[in-house]
Every structure is written in C-alpha cells, then in structure tokens.
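Structure, as structure tokens:
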Amino acid sequence: AILMDADTGAILYEKNAYERNYPASTTKILTGLLVAQNNALSDVVTFSSEAANSVSLEDATLASKTGEQFTVEQALYGLLLHSANEMAYALAEHTSGSLSAFVDKMNETAKNAGALDTHFANASGLYDANHYTTAYDLYLIFNACIQDQRFMDIISMDSYTMNLTGADGTTRTFDVVPTNYYSSGKINAPEGIRVFGGKTGTTDEAGCCVILYSEDLEKNPYISIIMGAE
C-alpha cells in the first residue's frame, strides 16, 4: 500500500510499497493512457475475432462480438469504468497493430516513468507470472495518467451509456458504471474527502487492488494504492 501527496510526491504512508505484486486490472490505467495518447477519441475500432474471443465469460467483459464497432472513446469507458478485458485487447490491436507490439510500448512507457520493478505481459491484467509491478511503480504510472485530462474525465464519470454497432448493423445499448464503490455511489467517501475516481483490479493471484485519486477540503490531491488485499 502507498499514499502519496500528488503535488509534492511525498510519501505519506507506505507498507511493502516496493514489493512485487500482480496488478490485475489496475494494469488498464496504462492501457488507457497509451490509447488516449495515440488515437483520436472519434476513431472507430472494429473487433477482431482474437479480441472478441480473448476472454471467458467469467472474466470482466462486455461480451463484445467479432465485427462489432465502437469509437475509441466508447472503448475507453468500457475499459476504465467497466474493466472489460476484451476492450483492452481490441484497443491494443487498434493502437499498435498487435497485442505484443502494444505490450512492448507499455513496458517502454513504464520504464520511462521510472517504474523499474514493473513488467507487463498483456494489456488487461489477466494473470501471467511475468506480469507484475509494485505499489510505488503504480503510483508513478498513475501520476502520469492523471496529467491527461481525457483520462481524468473518464475515470471521474459515475456512469456512461454505450451504443455499439454489430457486424450485421444491429446496435445494442447499455450503461457501464465504475467498479470502485466510491464512484458508483455504493459507499460514501470519508468526511472531507472527494474521490474523483480510479481503477480496481481483482484476480485470485492478485487479490483485491485499487488506485484512487482524491482531494481534501483544501483541494490538496492524493493518490492512494492498495494491492494484494483480502
């Protein structure tokens, strides 16, 4: 765990913050940032069969189908709010031409941010023994993410309506809501704290993980991260 002053970079609390852990879907913060930086939000993404079949129904998914189309902006909401794993795969393909090329870009970006105890093996955070990071490295990556206003706009939303077009021209509409309970309204933030949003992640191997961006009454910003919780 780690709690950072986002203005000064001061560590206010840490516990095993430099210990390697599996990040689960907190991985998607970097996926989202790279997608936003390298695409127009209005670009149209078409699902390949590889992307559509990249996850099982037990994983976080929007059950997207081969040939289904959506804008990059829609996909980012599906990725960062709903945590849909197939969205990560499709956006990686759209951005870099292949998942492996995108993962190479993720690792390069992480290293450039100073996240030297980090290695990614996929764009979603599904378990892979070679996919790991630390609480401190996640802070470094998330701190880069919050400098992008498009990223902040998305994680600050409390819901988003998705309109997706299938290969046969049919459309389906549904609402996605954030997976963190503060943004979805399931629980209230502590008194005097405003939680803007963040990202959760859970797998059997990673445990429960969460990253949050918040401010106090004086608008001092904080980044808080927990990994490997029960």
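Only heavy atoms go into these numbers, but all of them, side chains included; no hydrogens, no water, no symmetry mates.
Taking OG1 of Thr46 as the start and NE2 of His94 as the end, the distance is 8.5 Å to the nearest 0.5 Å. If you take CG on Asn85 and NE2 on His82, they are separated by 9.0 Å, rounding to the nearest 0.5 Å. Atoms CZ and NE2, from Arg20 and His131 in turn, are 13.0 Å apart once rounded to the nearest 0.5 Å. With rounding to the nearest 0.5 Å, the separation of SG in Cys145 from CG in Leu140 is 11.0 Å. A distance of 9.5 Å separates CD1 of Ile155 from CZ of Phe196, quoted to the nearest 0.5 Å.
In the displayed structure, Tyr181 atom OH is contacted under 6.0 Å by at most 12 heavy atoms of other residues, nucleotides or ligands. At most 12 heavy atoms of other shown residues, nucleotides or ligands fall within 6.0 angstrom of atom CG in Asn188. In this structure, Ile226 places its CD1 atom where only 12 or fewer heavy-atom neighbours from other residues, nucleotides or ligands lie under 6.0 Å away.
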**Request:** Test side-chain contact (heavy atoms from CB on, under 4.5 Å) on Leu138 and Thr134 and set out the steps.
**Result:** CA-CA 6 Å; Leu138 274 183; Thr134 70; over 6 Å; no
**Criterion side chain to side chain donor-acceptor pair (under 3.5 Å) on Thr31 and Lys28, from CA distance to verdict** = CA-CA 5 Å; Thr31 301; Lys28 295 185 175 90; over 6 Å; no
**Prompt:** Under the side chain to side chain donor-acceptor pair (under 3.5 Å) criterion, do Thr161 and Asp175 qualify, and how do the steps go?
**Reply:** CA-CA 4 Å; Thr161 300; Asp175 294 326; 2.6 Å; yes
**Request:** Could you walk me through whether Glu73 and Arg150 pass the salt bridge (charged side-chain N to carboxylate O under 4.0 Å, His left out) test, one step at a time?
**Result:** CA-CA 9 Å; Glu73 182 178 24; Arg150 295 161 299 181; over 6 Å; no
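Side-chain contact check for Met162 versus Phe70: every heavy-atom pair is 4.5 Å or farther apart. Residues Thr71 and Asp43 are not in side-chain contact: their nearest non-hydrogen atoms beyond the backbone lie 4.5 Å or more apart. Counting heavy atoms from C-beta on, the side chains of His119 and Asn107 come closer than 4.5 Å. Val35 is listed as a side-chain neighbour of Phe102, based on a closest heavy-atom distance under 4.5 Å. Counting heavy atoms from C-beta on, the side chains of Met227 and Glu19 never come closer than 4.5 Å. In this structure, Thr202 and Cys208 have side chains that are in contact, with non-hydrogen atoms separated by less than 4.5 Å. Looking only at side-chain heavy atoms (C-beta outward), Leu81 and Thr179 stay at 4.5 Å or farther from each other.
With Asp5 contributing its side chain and Thr8 its backbone, the two residues share a donor-acceptor pair below 3.5 Å. Within the 3.5 Å criterion, the main-chain N or O of Leu126 finds a donor-acceptor partner in the side chain of Asn122. Side chain of Lys111 to backbone of Thr118: a donor-acceptor contact under 3.5 angstrom is found. With Thr95 contributing its side chain and Ala92 its backbone, the two residues share no donor-acceptor pair below 3.5 Å.
No single ILVMFWY cluster, assembled from side-chain heavy atoms under 4.5 Å apart, contains both Ile211 and Leu3. Leu80 and Phe174 fall within the same hydrophobic cluster, defined by Ile, Leu, Val, Met, Phe, Trp and Tyr side-chain heavy atoms under 4.5 Å apart, directly or through other members. No continuous path of hydrophobic side-chain contacts links Ile223 to Leu212 [ILVMFWY only; heavy atoms under 4.5 Å]. Linking Ile, Leu, Val, Met, Phe, Trp and Tyr residues whenever their side-chain heavy atoms come within less than 4.5 Å leaves Tyr182 and Met157 in two separate clusters. Placement of Tyr77 and Ile146 within a single hydrophobic cluster is found when ILVMFWY residues are connected by side-chain heavy-atom separations under 4.5 Å, directly or transitively.
The only member of Arg194, Met152, Lys199 that meets side-chain contact (heavy atoms from CB on, under 4.5 Å) when paired with Tyr213 is Met152.
The closest side-chain donor-acceptor pair between Glu93 and Ser48 falls under 3.5 angstrom. Residues Asp216 and Tyr222 have side chains that bring a donor and an acceptor to within less than 3.5 angstrom of each other. With no hydrogens or angles considered, no side-chain donor-acceptor pair links Thr133 and Asn21 at under 3.5 Å. Side chains of Thr173 and Asn163: a donor on one and an acceptor on the other come within 3.5 Å. In summary, the side chains of Thr200 and Asn180 do not present any donor paired with an acceptor at a separation below 3.5 Å, with no hydrogens or angles considered.
Aromatic ring centres of Tyr132 and Tyr22 lie farther apart than the 6.0 Å criterion allows. Annotation: Phe142 is not in aromatic contact with Tyr139 [ring centroid separation under 6.0 Å not met].
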